[in-house]
Participant: 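What follows is a single structure, and I will ask about it in a moment.
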Amino acid sequence: IDERLVSLMLHNEFRQAKVRSKQFAFDPYAAAKTALCIWMRKKAIDYIKQGVRMNAVAPGMTETAMVAGQRDASQQLAKTLDEFASSAPIGHAAQAETIAGVIGFLLSDIASYIVGEVLYVDGGHAAQFRPEHV
């Protein structure tokens, strides 16, 4: 992930970020997710002082109507989606209810001491692809 691209996004320089991502073929999706996580962690410190806990959920591939529509649109895309889902260490995509349950947990009193965290709910993909990333 290009740190300069992330920095541009964090500083609302979206026009320059768009140019940079095209110019150097950087992945704007990954950079945007990184920028959003950094933004959330910084804001979490301010918000918790006001009694508001801020965390993020980073879901992996999730069976949704959008994914079903993509499968219906193209056999090749359906094959790619199935391969990606099965490549997760857990072996399959998540159900929307699973992701919702994690969000419910983060909103509950049981999670009252969790602040500024990104919780990967991706079937182990983050651990598989970036084991050194903490």
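What you see is a predicted model; the values in this text were computed from it and never measured. The chain is numbered in sequence order, starting from 1.
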Participant: Ignoring hydrogens and geometry, is there a side-chain-to-backbone donor-acceptor pair from S7 to E3 under 3.5 Å?
Facilitator: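 No, because the side chain of S7 does not come within donor-acceptor range (under 3.5 Å) of the backbone of E3.
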Participant: Is it true that Y47 and I38 fall in one hydrophobic cluster, defined by side-chain heavy atoms closer than 4.5 Å?
Facilitator: yes
Participant: Walk me through whether R71 and D82 qualify under side-chain contact (heavy atoms from CB on, under 4.5 Å).
Facilitator: CA-CA 9 Å; R71 274 199 180 88; D82 289 342; 2.8 Å; yes
Participant: Can you find a heavy atom in the side chain of Q16 that is under 4.5 Å from one in the side chain of R4?
Facilitator: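 When only atoms from C-beta onward are counted, R4 and Q16 do touch, with a gap below 4.5 Å.
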Participant: Mind checking whether V118 and L10 sit in one hydrophobic cluster, side chains of I, L, V, M, F, W, Y counted as touching below 4.5 Å?
Facilitator: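 Yes: a chain of side-chain contacts under 4.5 Å links V118 to L10.
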Participant: Is the H125 to F84 ring centre distance short of 6.0 Å?
Facilitator: yes
Participant: How far apart are the closest heavy atoms of M9 and A17, and which atoms are they?
Facilitator: CG-CB, 4.1 Å
Participant: Could you state whether L107 and V57 fall into the same hydrophobic cluster, counting links through intermediate Ile, Leu, Val, Met, Phe, Trp or Tyr residues with side-chain heavy atoms under 4.5 angstrom apart?
Facilitator: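 Yes, L107 connects to V57 through the hydrophobic network.
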Participant: Search all heavy atoms of R20 against all heavy atoms of L8 and return the closest pair with its distance.
Facilitator: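 Closest heavy-atom pair between R20 and L8: CD-CD1, 4.0 Å.
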Participant: To the nearest 0.5 Å, tell me how far K43 NZ sits from I48 CD1.
Facilitator: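 One finds 15.0 Å between NZ of K43 and CD1 of I48.
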Participant: How many angstroms lie between CD1 in I99 and OG1 in T62, if you round to the nearest 0.5 Å?
Facilitator: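 If I round to the nearest 0.5 Å, the distance is 4.0 Å.
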Participant: Is the number of heavy atoms from other residues, nucleotides or ligands under 6.0 Å of F129 CZ greater than 12?
Facilitator: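 Count over threshold, so yes.
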Participant: Is there a continuous path of hydrophobic side-chain contacts, each under 4.5 Å between heavy atoms, that joins I110 to L106?
Facilitator: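 Yes: a chain of side-chain contacts under 4.5 Å links I110 to L106.
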Participant: Quick check: is V6 connected to M40 through a chain of hydrophobic side chains (ILVMFWY, heavy atoms under 4.5 Å apart)?
Facilitator: yes
Participant: Look up atom CD in Q70 and atom OG1 in T64, then write down how far apart they are to the nearest 0.5 Å.
Facilitator: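 Nearest 0.5 Å value for the CD-OG1 distance: 7.5 Å.
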Participant: Does atom CD of Q75 have more than 12 heavy-atom neighbours, drawn from other residues, nucleotides or ligands, at distances under 6.0 Å?
Facilitator: no
Participant: With a 4.5 Å cut-off on side-chain heavy atoms, are N55 and R53 touching?
Facilitator: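 A side-chain contact exists here, since the closest heavy-atom pair is under 4.5 Å.
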Participant: Quick one: pull up NE2 in H92 and OG in S87 and give me the separation to the nearest 0.5 Å.
Facilitator: 12.5 Å
Participant: Are side-chain heavy atoms of F105 and I114 found at a separation under 4.5 Å?
Facilitator: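 In short, these two side chains touch, coming nearer than 4.5 Å.
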Participant: Compare every heavy atom of A88 with every heavy atom of Q128, then report the nearest pair and how far apart it is.
Facilitator: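 Smallest heavy-atom distance, with atoms named: OE1-CA, 4.4 Å.
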